[in-house]
Amino acid sequence: MIRSKTVVILTGPTAVGKTAVSIDIARQLGTEIISADSRQFYHELSIGTAKPTAGELAEVKHHFVGHLSVSDYYNVSRFEQDALKLLHELFQKYDAVVLTGGSGMYLDAVCYGIDDFPDPPPGLRNQLQILCKEQGIGALQELLQKHDPDYYRQVDLQNPVRLQRALEVCLTTGKPFSEQRLNNPQARDFKTVKYVLNRKREELFDRINQRVDGMMRQGLLEEVKRLLPYRSENALKTVGYAELFDYLDGKLSLEQAVEDIKTHTRRYAKRQLTWFKRDDSYRWIDLPDDESLSGILRDIQP
RNA sequence: GGUGCUGUAGCUCAGUAGGUAGAGCAACGGACUGAAAAUCCGUGUGUCAUUGGUUCGAUCCCGAUCAGCACCA
């Protein structure tokens with residue numbers, strides 16, 4: 001098959017300005033936008049995730065924005081399937097589709113695929129968490145050494161999440177995680193052009209700080225209060241929500257909570273940049289730079 | 001004006017019985033396969049306020065100056 005269909009990936013650190021650029025590019029291409037933002041999926045999270053506004057959503061059709069509830073179970077593998085299915089549909093109508101968002105692993109799942117594992121039985125993750133909490137991370141390390149000595153040698157042994165996940169797979173399948181984790185890039189029947197939008201660090205951090213202040217003015221605290229019943233959901237382990245839960249618990253002053261949101265958002269931005277840096281298929285664009293942006297359109301139609 | 005206290009990393013502060021210094025946070029760098037806005041790992045970045053003295057050697061001791069705070073006038 002001729003790979004005439006193109007996914008235009010526009011990513012970059014949080015607050016860099018992906019939304020506006022994506023809408024601009026999508027309009028010029030006359031196409032639609034798929035979100036790869038693992039927090040904008042949830043309809044209850046709006047202010048704190050800097051979702052596109054109603055006006056922006058009306059300009060270009062967006063997919064995967066607010067299509068889930070925070071109490072829904074979701075993961076990167078499901079996103080891969082959902083996104084591929086949707087791309088297939090959209091390519092009936094369009095030659096190019098814009099995929100935008102800052103969740104690097106989700107973008108990689110679309111570009112390269114992700115190994116398939118069966119869902120673990122309910123409660124297993126929780127059991128492993130309890131084991132770690134009660135007996136320490138050493139208990140997880142010991143279990144992993146027994147079930148998957150190869151992965152034990154590679155994995156970050158201090159990272160409980162990694163250990164828990166690997167054990168989940170080992171215990172569910174009865175086979176070592178490392179044996180099933182092939183990490184082979186999947187063939188795709190579309191072409192990708194990939195861009196990281198970036199700004200000078202100082203400018204980016206300034207935008208982050210201002211955006212957080214803006215979120216507070218828009219009523220982030222009220223949004224967070226409404227979500228108190230769901231605070232233990234994974235979707236609420238999110239910058240902007242966790243800190244305000246701490247404030248509502250009396251652990252922090254409001255001022256300190258807001259400062260923490262800014263700090264944690266800056267660190268998140270840095271982790272995103274680290275993720276994109278190691279993948280040399282991305283082209284980097286320093287905003288504001290209209291010339292490079294129009295270059296994107298030239299890249300798409302050779 | 002007087003007395004006292006303080007001045008060390010971006011911030012809050014330790015410390016050196018005199019041999020140019022270290023914690024937390026921030027910052028910076030990195031890892032990453034169903035939690036990924038998560039989770040984890042690594043790195044000290046410094047005119048020790050300024051200036052003169054004592055000393056082989058001063059961030060430390062002594063004097064002066066400057067700044068901040070407190071109290072007394």
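Order of the sequence lines fixes the chain letters, A, B, ..., with proteins taken first and strands second; residue numbering starts at 1 for each chain.
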* Look at the side-chain N and O atoms of A:Asn234 and state whether any lies under 4.0 Å from the OP1 or OP2 oxygen of B:A36. => yes
* **Rounded distance in Å between the P positions of B:C5 and B:A14** => 15 Å
* Report yes if a donor N or O on one partner sits less than 3.5 Å from an acceptor N or O on the other, where the partners are the side chain of A:Arg165 and the base of B:G34; otherwise report no. => yes
Using atom names, set out every protein N or O paired with an N or O of nucleotides 25-28 of chain B below 3.5 Å, distance rounded to 0.1 Å.
unit_1, atom_1, unit_2, atom_2, d
B:A26, OP1, A:Arg267, NH1, 2.9
B:A26, OP2, A:Arg267, NH1, 3.3
B:A27, OP1, A:Arg266, NH1, 2.9
B:C28, OP1, A:Arg201, NH1, 2.7

* Asked: When you check the gap from the basic side-chain N to the acidic O, do A:Asp24 and A:Arg27 get nearer than 4.0 Å?
  -> no
* Scan A:Phe79 against the nucleic acid and name what it touches under 4.0 Å (heavy atoms): base, sugar-phosphate only, or nothing. => nothing
* To do: Verify the contact: side-chain N or O of A:Tyr106 to OP1 or OP2 of B:A36, cut-off strictly under 4.0 Å; return yes or no.
  => yes
* To do: Please determine, for the side chain of A:Ser77, which listed nucleotide (B:A37, B:A35, B:G34) has the closest atom?
  => B:G34
* base_contact_polar (B:A37 base, A:Gln272 side chain, donor-acceptor, <3.5 Å) -> no
* **Syn-anti status, with the boundary at 90° from 0, for the nucleotide B:G34** => syn
* So does A:Lys85 pair up with A:Glu89, basic N to acidic O under 4.0 Å? -> yes
* Asked: How about A:Phe41 and A:Tyr74: are their ring centroids closer than 6.0 Å?
  -> yes
* Classify the nucleic acid contact of A:Gly48 as base, sugar-phosphate or nothing, counting any heavy atom under 4.0 Å across all strands shown. => base
* Asked: Does any N or O in the side chain of A:Gln272 come within less than 3.5 Å of the main-chain N or O of A:Gly102, such that one atom is a donor and the other an acceptor?
  -> yes
* What pattern of brackets, bars and dots sums up RNA chain B from 5' to 3', given Watson-Crick or G-U wobble pairs under 3.5 Å, [ ] for crossing pairs and | for another strand? -> (((((((..((((.....[..)))).(((((.......))))).....(((((..]....)))))))))))).
* B:A36 phosphate, OP1 or OP2: any side-chain N/O from A:Ser103 under 4.0 angstrom? -> no
* Looking for any heavy atom pair under 4.0 Å, which part of the strands does A:Leu157 touch: base, sugar-phosphate only, or nothing? -> nothing
* To do: Considering only atom P, compute the distance from B:C25 to B:G52 and round it to an integer number of Å.
  => 39 Å
* Which of residues 117-144 of chain A sit near RNA chain B, with a heavy atom under 4.0 Å from it? -> A:Phe117, A:Arg125, A:Gln129
